[in-house]
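Numbered from 1 within each chain, the chains take letters A, B, ... in sequence-line order.
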There are 2 protein chains.
Amino acid sequence: MAVRSANDIHELIERLLRQGDLRYTTGRRAIVDLLCRVGQPVSISDIESQLPSIPRSSAYRHLVDLQSVGAVRRVAANDDFARFELAEDLTEHHHHLLCTSCGDVIDVAPTPAFEKAVTTMIEQFAEREGFRPFSHSLDIVGHCRECG
Amino acid sequence: MAVRSANDIHELIERLLRQGDLRYTTGRRAIVDLLCRVGQPVSISDIESQLPSIPRSSAYRHLVDLQSVGAVRRVAANDDFARFELAEDLTEHHHHLLCTSCGDVIDVAPTPAFEKAVTTMIEQFAEREGFRPFSHSLDIVGHCRECG
DNA sequence: GTTGTAATGAGACTGAGTCTTGTTCTATGG
DNA sequence: CCATAGAACAAGACTCAGTCTCATTACAAC
Ligand SMILES: [Mn+2]
Ligand SMILES: [Mn+2]
Ligand SMILES: [Zn+2]
Ligand SMILES: [Zn+2]
């Protein structure tokens, strides 16, 4: 999932923020750094335990800001807690395996052939329903390796 | 999306509830009735406005009970509000178009060919990650006909 | 330096969803 | 019938992830 270097990502995000008249401050950088390091969707409690110097309110605000400029994406898991990951523009398009037992979210990259099938299907839906699609997400629900 | 009659659905759900030592009471029936009538995922505020005689706490409890016996499924939309629909066992497997403007959720049925591609892809993921899949959901995010 | 604006920390607040409690329904059986 | 036990219910208190407010601090531009 590390198709870009962390340095590249920092540079790209700095540009995105500047386009939105936002600065790439220490707190924001620390969160992006964590998202790069972990390489899978991260919860607010992950952020709290890994970056204890960042207050909860600031972490949430940073996530909102980073989402507003397209650097971060919110991911709905199978439990009550949102996760956050780098936007697909900065990494690559992928889908999620959701474990109903431990709540873990695992990134998986689809093959081009499969994505082509998805795109075709979406175009059919769009045509039929007069719907203009922007993106899609495929979540696979089950049990991860650890949870059997 | 009406592959079964409402009567069939009531009968099936009554059986499911009985297997869980639960009764098919008026309130529960009213909610199932609404889900049948609307034929698309319904929010708690939809239920409140369509069934004003059912208190919010009861509606939530009924939904929990109906989910626990596999009659109802919770659907995550693109806003903060959960939706509820009849379980796929009672209707048919389908996917969702999520409008980011009005929050509407539209059911769409995939072709068998597409579902086969999805199944194959999921098996690959499962193999690679040691993941045991139970189900999947494909959400297409965009704008509905009304919202352009 | 001065000044305007963005960013921050602390904590109050919101509200969808859950839990508790006292009451009412209903199935069963004597 | 009536009695009784367990399920269902209404009302409202409560929880807590997430948002908002506001006073303070860090920047950037000039
Ligand atoms: Mn895809
Ligand atoms: Mn499918
Ligand atoms: Zn797991
Ligand atoms: Zn819409």
Side-chain angles (χ1 to χ4, degrees), chain A residues 10 13-34 41-69 71-85 98 103 105, chain B residues 10 13-34 41-69 71-85 98 103 105:
Chain A
H10 284 305
I13 290 183
E14 181 158 24
R15 199 170 309 156
L16 287 171
L17 285 168
R18 255 208 272 272
Q19 281 167 16
D21 283 313
L22 300 178
R23 301 180 195 140
Y24 199 21
T25 57
T26 314
R28 287 168 183 164
R29 190 178 295 267
I31 286 179
V32 170
D33 235 40
L34 180 65
V42 151
S43 68
I44 193 70
S45 65
D46 293 335
I47 293 174
E48 276 189 317
S49 61
Q50 297 302 308
L51 304 171
S53 68
I54 297 185
R56 188 185 299 223
S57 64
S58 296
Y60 273 118
R61 184 155 23 78
H62 290 148
L63 290 167
V64 168
D65 295 340
L66 289 166
Q67 285 175 85
S68 76
V69 300
V72 162
R73 180 168 71 139
R74 176 182 298 224
V75 173
N78 210 63
D79 52 27
D80 289 343
F81 311 112
R83 317 288 161 117
F84 302 89
E85 68 179 8
L98 309 181
V105 180
Chain B
H10 284 303
I13 289 182
E14 181 158 23
R15 199 169 310 155
L16 287 171
L17 285 167
R18 255 207 273 270
Q19 283 167 14
D21 283 313
L22 299 178
R23 300 180 196 140
Y24 200 20
T25 56
T26 316
R28 288 167 181 164
R29 190 178 295 267
I31 285 179
V32 170
D33 234 40
L34 181 65
V42 150
S43 68
I44 193 72
S45 65
D46 292 335
I47 294 174
E48 277 188 319
S49 61
Q50 297 302 308
L51 304 171
S53 69
I54 298 185
R56 188 185 299 221
S57 63
S58 296
Y60 274 118
R61 181 159 26 78
H62 291 147
L63 290 167
V64 168
D65 295 339
L66 289 166
Q67 284 175 84
S68 76
V69 299
V72 163
R73 180 168 71 139
R74 176 182 298 223
V75 173
N78 209 63
D79 52 27
D80 290 343
F81 311 112
R83 318 288 161 118
F84 302 89
E85 65 179 10
L98 310 181
V105 180

Next item on the list: Kindly write out the residues that satisfy ring pair (Phe, Tyr, Trp, His ring centres under 6.0 Å) with Phe84(B), not counting sequence neighbours, or none if the list is empty.
Entry: none
Check: Nucleotide range of DNA chain C contacted by chain B, 5' to 3', under 4.0 Å to a heavy atom?
Finding: dA16(C) to dT26(C)
Check: Between Ala30(B) and Leu51(B), what is the shortest heavy-atom contact and its length?
Finding: O-CD1, 3.7 Å
Margin query: Would you say that Val69(B) contacts Gln19(B) through its side chain, given a criterion of any heavy-atom pair below 4.5 Å between the two side chains?
Written below: no
Checklist line | Footprint string (nucleotides 8-23 of chain D, 5' to 3'): B base within contact, S backbone only, - free, heavy atoms under 4.0 Å | finding: SBBBB----SBBB---
Next item on the list: Please report the closest heavy-atom contact between Arg28(B) and Leu66(B), naming both atoms and the distance.
Entry: O-CD1, 4.4 Å
Checklist line | Residues forming a side chain to side chain donor-acceptor pair (under 3.5 Å) with Glu85(A), sequence neighbours excluded | finding: Arg73(A), His94(A), His96(A)
Which donor-acceptor pairs under 3.5 Å do the side chains of residues 52-63 of chain B make with protein atoms, sequence neighbours left out?
residue	atom	partner	partner atom	Å
Arg56(B)	NE	Glu48(B)	OE2	2.9
Arg56(B)	NH2	Glu48(B)	OE2	3.3
Ser58(B)	OG	Arg61(B)	NH2	3.3
His62(B)	ND1	Ser58(B)	O	3.1

Note to self: Applying side chain to side chain donor-acceptor pair (under 3.5 Å), can you list everything that pairs with Asp46(A), at least two apart in sequence or on another chain?
What the structure shows: Ser43(A)
